[in-house]
Structure formats: structure tokens, C-alpha cells
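One structure is given here, and the rest of the page talks about it.
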Amino acid sequence: MDIYKINDIGTLIKGNSYVGRGIVIGKTEDGKKACSAYFIMGRSNNSRNRIFTEKDGAVYTEPFDASKVEDPSLIIYAAIRKYENKLIVTNGDQTDTAYEGLKAGKSFDEALSVREFEPDAPNLTPRISGMLEFKDGDFSYKMSILKSADATGTACNRYGFHYTALNGLGHFIHTYVCDGNPIPTFQGEPERVKIPNDIDEFTANLWNNLDSDNKISLYVRYTDLKTGKEENRLINKNK
């Protein structure tokens, strides 16, 4: 087993009907750009009734058809927000928790310490989060997953991962292993994936290999480490 293998993300997700929501963070092969990506999938009509929108550098989930929203509590939130030299990416309203914590002088991990997995028994969906911190023409990044300790949600286990950005390497964390009832939650460390120089190549590889029935939206951002210029791709299945 090659523990340093860097996987193709398309190959990792192809044929898997439900990996849930996913975050990818890493650096392009040429070392010039930071990559951050977030996607959502859904099985229920309520979950599928969503789109991504971008406002002032932040990304939000919003209902595609507001008249069909059944329960907005776990599906409508800010997924990506900036605070100073930091970019926060999460799968829920803990984006705001991290943002407010950073404003109050807390670390990323400290800010998330007040949150737990989602209260959606029997799935008890993990909260996954990431943060890029830009400094001196480079960046480092962190990832977090908050998971139930057992099948009934008795306690929350907290896992944090801190990374030095390396050329061509990214890390991929997602809420579920695959489909199921209840749905099995993500296991182990974030997966190592390739980050190409071309944002369109990366976006297409990810979007085209997500399950066609269950994928909903994808947002990818490449940030130039020298200039700070951002290049974004936003795809919504609902149009």
C-alpha cells in the first residue's frame, strides 16, 4: 500500500452514487495557485431543490424553487466566506461559527469546538470544514470533521488535520462513504488527490464523475498566490 499515492479525484468518485457533500483544498502542480472546491449532492426532493449563488466573494446555498422548500435548517447556509487572509469552506452553518470565532480571536479548531454533527438521525451527518490561510505568497490549510461517536449520537468525536501546501497535492473530505440506510459516514484521513494547473480540467473531472442523479452543485476557486486574483467556476444542475 502506497500511503503517499496521489489519486485522481474523478477515479475516486466515479461509480459511487452518494459521497454526499465534499470539500477539496490543495495547490496546483506549478505551485502558483490555491484550489478550493465544494460540492453538494442530494437524495430527497428537499435536498435537490438547491443552487449555489455567489455574493461579494461568499458562496451560499439557496432554494431553486422557494415554494417547494420543506425544511431549510440544514440545507440553506453560507458555504464559503472570507475573513481577513483566511477562506472558510464548510458543509453547513458552521461557516458562520468559524467566521465569528476568528473575529473573536479564536483559532479555527477552537471556533468549531462548540459545534457537533448534524441532528438528522439516523444519518447523523458529519460536519466537514476547511480553512485556507494565505501568508507571504503561500498558504497552509486545515480540515475538520465532527462525527457521531456511535449510531445513536451519544457523543461527538472531533478530528482535525493541518497541512502544508505542496505542489500538485490536495486533500478531499466528504460526508459519506457511499449510499446506504443509514448512510455510512466518512472514515479515516482526507484523501490525497491531484490538483492540476487548469481550473477547467479540475472542475470537469470532478463534476462529470459525480453521480448524475444525485449531484446538485459545484463551486471551484483558484487563487493566484502572487496576485491574489481569483478564478471561479460555478455549476448548478438546476437552471
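Throughout, residue positions are numbered sequentially from 1 according to the sequence presented. Both backbone and side-chain heavy atoms feed into the values below; hydrogens, waters and symmetry mates do not.
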Sub-3.5 Å donor-acceptor pair from the side chain of N209 to the main-chain atoms of N205, do we have one?
yes
For a quick test of reading the model, state the closest non-hydrogen atom pair linking F117 to A155 and the distance between them.
CE2-O, 3.4 Å
For the pair K33 and E230, evaluate salt bridge (Lys or Arg N to Asp or Glu O under 4.0 Å) and give the outcome as yes or no after the intermediate values.
CA-CA 9 Å; K33 296 178 181 178; E230 297 171 354; over 6 Å; no
dist I51:CD1 -> S217:OG (nearest 0.5 Å) comes out at 7.5 Å
Under 3.5 Å, is there a donor-acceptor pair between the side chain of E100 and the main chain of A98?
no
Going from CD1 on I216 to CZ on R43, what distance comes out if it is rounded to the nearest 0.5 angstrom?
11.5 Å
Taking side chain as C-beta onward, heavy atoms only, is P63 less than 4.5 Å from V69?
yes
Are H174 and Y176 close enough that their ring centres sit under 6.0 Å apart?
no
Check: L12 and V193 side chains under 4.5 Å, non-hydrogen atoms:
yes
In terms of heavy-atom contacts, L225 and G31 come closest through CD1-O, 3.6 Å
Heavy-atom pair with the smallest gap, counting every atom of S47 and G42
CB-CA, 3.8 Å
Mind running side-chain contact (heavy atoms from CB on, under 4.5 Å) on S144 and L112 for me, showing each step along the way?
CA-CA 9 Å; S144 163; L112 293 174; 3.7 Å; yes
Under the criterion side-chain contact (heavy atoms from CB on, under 4.5 Å), I'd like the reasoning laid out for D200 against R233: C-alpha separation, chi angles, the key distance, then a yes or no.
CA-CA 8 Å; D200 290 316; R233 298 292 183 268; 2.6 Å; yes
Just wondering, do F64 and R50 contact through their side chains at under 4.5 Å, heavy atoms?
no
How about H171 and F161: are their ring centres within less than 6.0 Å of each other?
no
Show the nearest heavy-atom pair for residues L87 and S36, with the distance to one decimal.
CD2-OG, 3.5 Å
SG of C35 to CD1 of I25, rounded to nearest 0.5 Å, is 8.5 Å
Determine, for K147 against E118, whether the closest basic-nitrogen to carboxylate-oxygen distance falls under 4.0 angstrom.
no
Is the shortest heavy-atom distance from the side chain of F39 to the side chain of W207 under 4.5 Å?
no
Test your reading of the model: is there a side-chain donor-acceptor pair from K32 to the backbone of K226, 3.5 Å cut-off?
no
Following the transitive rule for hydrophobic clusters with a side-chain heavy-atom cut-off under 4.5 Å over Ile, Leu, Val, Met, Phe, Trp and Tyr, establish whether V59 and L102 coincide in one cluster.
no
Using the rule given for side-chain contact (heavy atoms from CB on, under 4.5 Å), can you reason through K14 versus I9, listing the C-alpha separation, both sets of side-chain angles and the distance that settles it, and then say yes or no?
CA-CA 8 Å; K14 187 175 183 179; I9 196 167; over 6 Å; no
Sorted by chain and residue number, the ring pair (Phe, Tyr, Trp, His ring centres under 6.0 Å) partners of Y60 (sequence neighbours excluded) come out as none
Note: R221-E54 ion pair, threshold 4.0 Å (strictly below)
yes
Is the backbone of L146 close enough, under 3.5 Å, to the side chain of R127 for a donor and an acceptor to pair up by distance?
no
Taking atom types as modelled and ignoring hydrogens, do the side chains of D65 and S67 form a donor-acceptor contact shorter than 3.5 angstrom?
yes
Can you check side chain to side chain donor-acceptor pair (under 3.5 Å) on Y83 and R81, steps first, answer last?
CA-CA 7 Å; Y83 177 71; R81 292 186 71 182; over 6 Å; no
Please step through side chain to side chain donor-acceptor pair (under 3.5 Å) for the pair N49 and N238, ending with a clear verdict.
CA-CA 8 Å; N49 180 35; N238 293 316; 5.4 Å; no
State, to 0.1 Å, how close V220 and A37 come at their nearest heavy-atom pair, and which atoms those are.
CG2-CB, 4.0 Å
State plainly whether one hydrophobic cluster holds both L218 and V19, where clusters connect Ile, Leu, Val, Met, Phe, Trp and Tyr through side-chain heavy atoms under 4.5 angstrom apart.
yes
Any non-hydrogen side-chain atom of Y4 less than 4.5 Å from a side-chain atom of L169?
no
Check whether any side-chain heavy atom of C178 sits under 4.5 Å from a side-chain heavy atom of P184, and report yes or no.
yes
Treating Ile, Leu, Val, Met, Phe, Trp and Tyr as nodes and any side-chain heavy-atom pair under 4.5 angstrom as an edge, say whether I173 and Y219 lie in one connected cluster.
yes
What distance do I88 atom CD1 and S129 atom OG have between them, rounded to the nearest 0.5 Å?
9.0 Å
Would you kindly confirm whether M41 and I235 end up in one hydrophobic cluster when ILVMFWY residues are joined by side chain heavy atoms under 4.5 Å apart?
yes
For side chain to side chain donor-acceptor pair (under 3.5 Å), just list the numbers for T28 and D30, CA-CA rounded to whole Å, side-chain angles, deciding distance to a tenth of an Å, and then say yes or no.
CA-CA 5 Å; T28 55; D30 59 13; 2.7 Å; yes
ILVMFWY cluster, I199 and L206 together (side-chain gap under 4.5 Å)
yes
Can you give me the closest heavy-atom contact between P122 and P182, atom names plus distance?
O-CB, 3.6 Å
Euclidean distance, N236 CG relative to K215 NZ, rounded to 0.5 Å:
12.0 Å
Any donor-acceptor N/O pair, N197 side chain to E29 backbone, under 3.5 Å:
yes
Working for side-chain contact (heavy atoms from CB on, under 4.5 Å), residues S17 and D213
CA-CA 8 Å; S17 62; D213 292 329; over 6 Å; no
Can any side-chain N or O of N123 pair as donor or acceptor with the backbone N or O of I183 at less than 3.5 Å?
yes
Does any part of the side chain of I128, heavy atoms only, come nearer than 4.5 Å to the side chain of T90, both counted from C-beta?
no
Honestly, is R192 close enough over F172, meaning NZ or CZ under 6.0 Å from the six-membered ring centre and within 45° of the axis?
no
If we ignore hydrogens and angles and just use 3.5 Å, is the side chain of T61 paired with the main-chain N or O of Y77 as donor and acceptor?
yes
If you count every heavy atom of other residues, nucleotides or ligands that lies below 6.0 Å from D56 atom CG, does the total exceed 12?
no
Using only atom types and a distance under 3.5 Å, with no angle test, would you say the side chain of N16 pairs donor to acceptor with the backbone of Y18?
yes
Taking only Lys NZ, Arg NE, NH1 and NH2, and the carboxylate oxygens of Asp or Glu, determine whether K55 and E62 approach each other closer than 4.0 Å.
yes
Measure the spacing between NZ of K27 and OH of Y163 and express it to the nearest 0.5 Å.
15.5 Å
R158 side-chain N/O to S113 backbone N/O, donor-acceptor pair under 3.5 Å:
yes
Quick one: does F134's side chain get under 4.5 Å of K82's, heavy atoms only?
no
Run the numbers on T175 and R21 for side chain to side chain donor-acceptor pair (under 3.5 Å), then give the verdict.
CA-CA 6 Å; T175 51; R21 286 165 275 173; 5.0 Å; no
E189, CD: over 12 other non-hydrogen atoms inside 6.0 angstrom
no
Would you find more than 12 non-hydrogen atoms of other residues, nucleotides or ligands less than 6.0 Å from N45 atom CG?
no
Can you find a side-chain donor-acceptor pair between D150 and T152 that sits under 3.5 Å?
yes
Does E231 use its side chain to pair, donor to acceptor, with the backbone of D224 at less than 3.5 Å?
no
